[in-house]
Amino acid sequence: MWPSPAPVAFAIVSVTDARRDESDSAEPPQANPPIRRGRAPRSPLAAAALMAWRWLTRMRTALYLLGVLGFLSLVATVVPQAPNVPATVSAWRLGDEGPGPVVVGLIDAIGGFDVYGSALFLALLVLLFTSLTACLLPRYRAWWRVVTRSQPPRTRHVGHHDHVATLTTELTADEVDGRIRTVLADRRYRLRAADDDLPKQVAAERGLALREGGSLLFHTSFYVLLVGIVLGLLLGFEGDVAVVEGDAFADTTISYSDVGAGRWWDQADHAGFTLTLDQFEVDWFRDPRFGGTPTVFESTVTISEPDGATWTDTVGGNDPLVVDNMRIHQLAWGYAPRIVVEVDGEVVHDAHVMLVSTDAGVFQGAVKAPAADPDVGFDVLLWPYAPVDETTGTPVPTGAPWADAPLLVGVAYRGDLGLDSPQRFDTLDKTNLEQTGGAQLRPGAVVDLGDGVVISFPELRRWVGFQVSSKPTLPLLFIGGVLVLVGLVPAIYAWRRRVWAVLETDAAGGHTLITIAGRAFQRPQAFDHEFPAIVKAIRDATDADPSPTPVAASSRPVAVSRNQQDTS
Amino acid sequence: MTQAEWGELSTVLFWPTTLLLYLGAMLASMYAHAFTSVARVDAHEPVAGRRGQRIATGLATLGVLTHLFHLVARSLGSGGRVPWGNMFEYSSVTAFIVVAAGLVIFQWRLRKPQIMSMLLLGAILTMGIALLVYTDPGPLVPILNSHWLKIHVAAIVLAAGVFTTAFVFNALHLLRDTAERRVAAARSPAGSTVGAAYAGDLLEDEDEFTEAVPERDAVEDGVLGDDLEDDRAYGLALRAAINPRALFLGSWVAAATMSWVWLDLGRFLGVNTVFALAALVAWWFLPHLPSAATLDALTYRTIAFGFPIWTFAVLAGAVWAEQSWGRYWGWDPKETSAFLTWVGYAGYLHARATRGFKGRTASILGLGAYWIMLFTYLAVNLVVTGLHSYAGVS
């Protein structure tokens with residue numbers, strides 16, 4: 001099924017029948033290795049199974065499988081995927097967004113919201129890899145045979161090839177034979193051993209093992225990638241953690257939210273360091289032309305290892321930090337104002353509240369204070385840059401992200417926060433809450449909302465979202481990727497060609513007539529350059545002259561349709 | 001010069017300078033080949049033809065130089081970064097690669113000057129797309145500011161340029177192939193009528209047409225075509241075999257499958273119409289194109305050249321994603337469709353090696369793969385939201 005040129009057919013033939021292959025040299029490359037058919041199976045079930053197997057191992061089938069995989073991926077590009085954007089998927093399902101319930105039901109029916117986790121996708125992958133394996137195994141064997149045992153075939157009609165040239169020389173046929181062999185061997189052609197009982201002929205071939213070997217390596221590398229991915233899933237760990245400037249977290253599973261740990265991941269595999277976020281630096285071009293393009297995006301962190309070693313380093317956008325086996329990436333950030341809430345003189349909330357950035361440039365989050373009775377909650381909005389308009393004297397919120405004039409808006413709610421059921425940290429569940437008031441605060445402000453509730457905003461910090469992961473198979477995946485390329489290049493660029501030299505002794509004149517013929521299976525244009533070079537090298541090596549009386553066949557124009565051949 | 005002045009200069013160099021030079025080169029090249037048969041092997045080269053060819057080459061070379069200068073100025077105008085940081089710049093570099101590769105490889109090395117006009121047409125269309133996603137020169141977001149930008153994006157853009165070149169050959173191959181089949185069927189001694197030839201083309205079976213192959217090959221290579229009148233008649237028959245209205249409509253609809261991404265009626269209609277008009281230009285140029293078999297070989301070779309580059313680019317992207325986003329592969333829309341493009345071209349290469357898929361089916365797969373690549377580029381940047389959606393288009 002995979003693009004296998006002639007090697008297999010040729011290798012088998014050349015082993016079984018050395019004579020017959022002479023005519024085979026003019027045969028077009030055969031696309032598929034012949035299927036060895038054993039005895040006809042007895043039961044219809046076995047026959048069906050055999051048919052199914054043959055169907056599966058055809059290249060055509062592999063192309064269809066690839067096509068369906070491709071189509072599913074296309075679906076996954078357009079349809080939101082639950083593992084990537086769960087919120088959008090639930091919005092589609094609820095009908096708040098998306099194409100409507102009918103289409104959504106259809107998508108759900110084929111597992112379109114989690115294409116890469118769907119049984120269909122997995123089944124197709126398994127089929128594709130089965131098909132690949134079934135096709136590769138005979139090709140390995142055939143390739144090995146080509147490398148170890150194969151010989152290029154003799155040609156029967158030397159004048160019938162695309163490229164023909166004739167030379168005459170004073171040397172004897174034996175001398176010429178030896179010199180031509182040297183010329184071709186220097187050009188890394190594989191030579192056929194001399195046939196004692198047949199007319200003198202040199203047959204040589206090049207490029208077959210490399211092209212097919214490259215193709216095999218290319219396809220084999222997918223197994224390396226597959227093993228790397230699967231092992232990575234089993235052995236790996238990935239967790240997210242959000243840290244406010246000045247705070248720290250320890251590398252244990254309970255520190256992380258969104259933990260994705262492989263089946264073979266163990267608690268003891270954690271590096272066990274403690275990371276303190278000393279400072280997070282972020283800045284932007286203030287020039288409106290560039291729309292607030294960021295300039296810096298970097299955390300300074302202090303790592304304390306369990307053995308007592310402590311050091312300070314930075315984690316940037318393209319610059320993860322590696323501690324033992326754990327990789328630390330800086331992925332997200334936001335503002336974290338310290339918000340203190342007092343109810344009747346008693347502090348019920350005093351913490352840095354992590355606010356998440358939104359498309360509108362405002363940062364948003366929630367304060368939840370169940371310590372008060374009844375509960376107190378705040379919807380919190382923060383505009384980092386809301387300068388005071390000089391004419392009206394009121395703050396004007398802008399979308400700019402730099403915190404030069406932060407304005408915090410808190411909307412107060414009282415009632416039941418409903419914390420018994422799981423909910424997002426940055427939104428309030430308002431089913432049992434009642435809005436009681438609101439306030440605008442600048443840093444340092446204290447606002448009495450009445451009813452005994454006092455909110456203050458003493459300082460503004462930032463928080464950073466880190467991803468901590470362990471990916472032990474990354475080197476293996478890297479090797480797999482390198483093998484893909486190392487195999488692909490010869491599979492596409494290496495080209496197979498044969499050269500023959502037929503030697504005839506002119507008894508009367510006492511000289512040897514050399515007829516050189518050549519044929520390229522791929523890249524005929526490249527052979528247009530190589531063949532004359534080979535002829536010239538042979539001419540120089542044998543002190544030959546161009547034949548004054550060319551053999552009849554060679555007077556034929558060099559392949560009219562040469563450029564129309566398949567150049568694959 | 002200040003940064004802003006460099007930026008302005010780069011824009012002027014792009015439009016009108018380079019675009020008009022390419023347009024002039026295309027027209028001169030078409031004139032040279034359409035009216036004077038300068039490409040013929042047997043060299044009945046009138047002076048006007050040679051002069052037209054020379055002017056075309058000169059204008060194209062000058063265009064490549066101004067284009068290069070545009071890229072340098074653009075780089076200086078954005079604070080010295082590499083000039084491939086947003087969609088406008090990707091398209092600009094892609095067009096540059098198409099014309100530069102066309103001049104160096106297809107005109108000078110392979111000596112097929114007649115396809116230069118078609119490559120210029122492809123490059124002009126690509127530059128048109130660039131103008132539709134124009135952004136002023138500016139700095140990069142820090143996440144893009146990595147050595148991987150130079151490696152990953154450069155490889156992607158290079159591969160895109162190569163695939164765009166291949167697309168020109170691919171589309172021309174399908175067009176010329178259809179025309180040649182129809183002419184061959186109409187001329188075949190079996191005496192099929194024109195209507196039957198059309199029907200045969202729809203129920204396509206390659207073997208049916210094999211007996212017609214020698215004829216078209218022979219004409220291309222100038223063996224039967226020594227008689228210029230016959231050659232001319234064959235060319236006209238090729239043109240007559242394609243219904244321009246159907247071609248226009250088909251191209252318009254084909255372009256519509258992509259141009260909706262702008263979500264703008266004016267651009268939708270404009271892009272479709274320009275693309276369909278380009279198809280008509282190719283139709284008019286049909287008699288002067290290389291044979292279908294040559295175009296097929298060119299398509300294959302170009303795709304085979306671009307495929308390892310694309311593979312490398314995707315792998316480099318995975319390495320960068322691991323560094324930047326903490327995962328080597330996340331099925332982000334861009335990643336998915338880049339992978340899909342890879343699958344598409346892998347499908348094309350495999351189809352070429354599979355009996356029964358070779359020829360037209362493979363060619364159609366190649367067109368599909370390019371469609372996916374454009375989808376990867378345009379739709380995923382403009383419509384679908386993902387991690388790659390920072391290409392600087394407002």
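Below, chain A is the first sequence line, B the second, and so on; all start at residue 1.
- Between A:F218 and B:W342, the angle of the ring planes lies from 30° to 60°, which puts this pair in the tilted group.
- The nearest pair of heavy atoms linking B:F305 to A:Y493 is CA-OH, 3.1 Å.
- B:E322 contributes atom CD, which lies 9.0 Å from atom CG of A:L477 (distance to the nearest 0.5 angstrom).
- A:I229 and B:Y328 make their closest contact through CG1-OH, 3.8 Å (heavy atoms, listed as atom of the first residue, atom of the second, distance).
- For the set A:L474, A:V489, A:V484, the entry with the most heavy-atom pairs within less than 4.5 Å of chain B is A:L474.
- How far CZ of B:R327 is from CZ of A:R327: 13.0 Å, rounded to the nearest 0.5 Å.
- Heavy-atom pairs under 4.5 Å with chain A were tallied for B:A346, B:G344, B:G326, B:G368; the largest tally goes to B:G326.
- Contact count against chain B (heavy-atom pairs under 4.5 Å) is highest for A:K471 among A:K471, A:Q81, A:E238, A:E298.
- For the atom pair CH2 of B:W329 and CG of A:L225, the computed distance is 11.0 Å after rounding to the nearest 0.5 Å.
- The shortest heavy-atom contact between A:L485 and B:P308 is CD2-O, 3.6 Å.
- Heavy atoms only, all atoms of each residue included: A:G481 and B:L315 are closest at O-CD1, 3.2 Å.
- The distance from the CD1 atom of A:I492 to the OG1 atom of B:T311 is 7.0 Å, given to the nearest 0.5 Å.
- Within a 6.0 Å sphere centred on CZ of A:F478, other residues, nucleotides and ligands contribute 12 heavy atoms or fewer.
- Proximity to chain B (any heavy atom under 4.5 Å) is shown, for A:F466, by neither the backbone nor the side chain.
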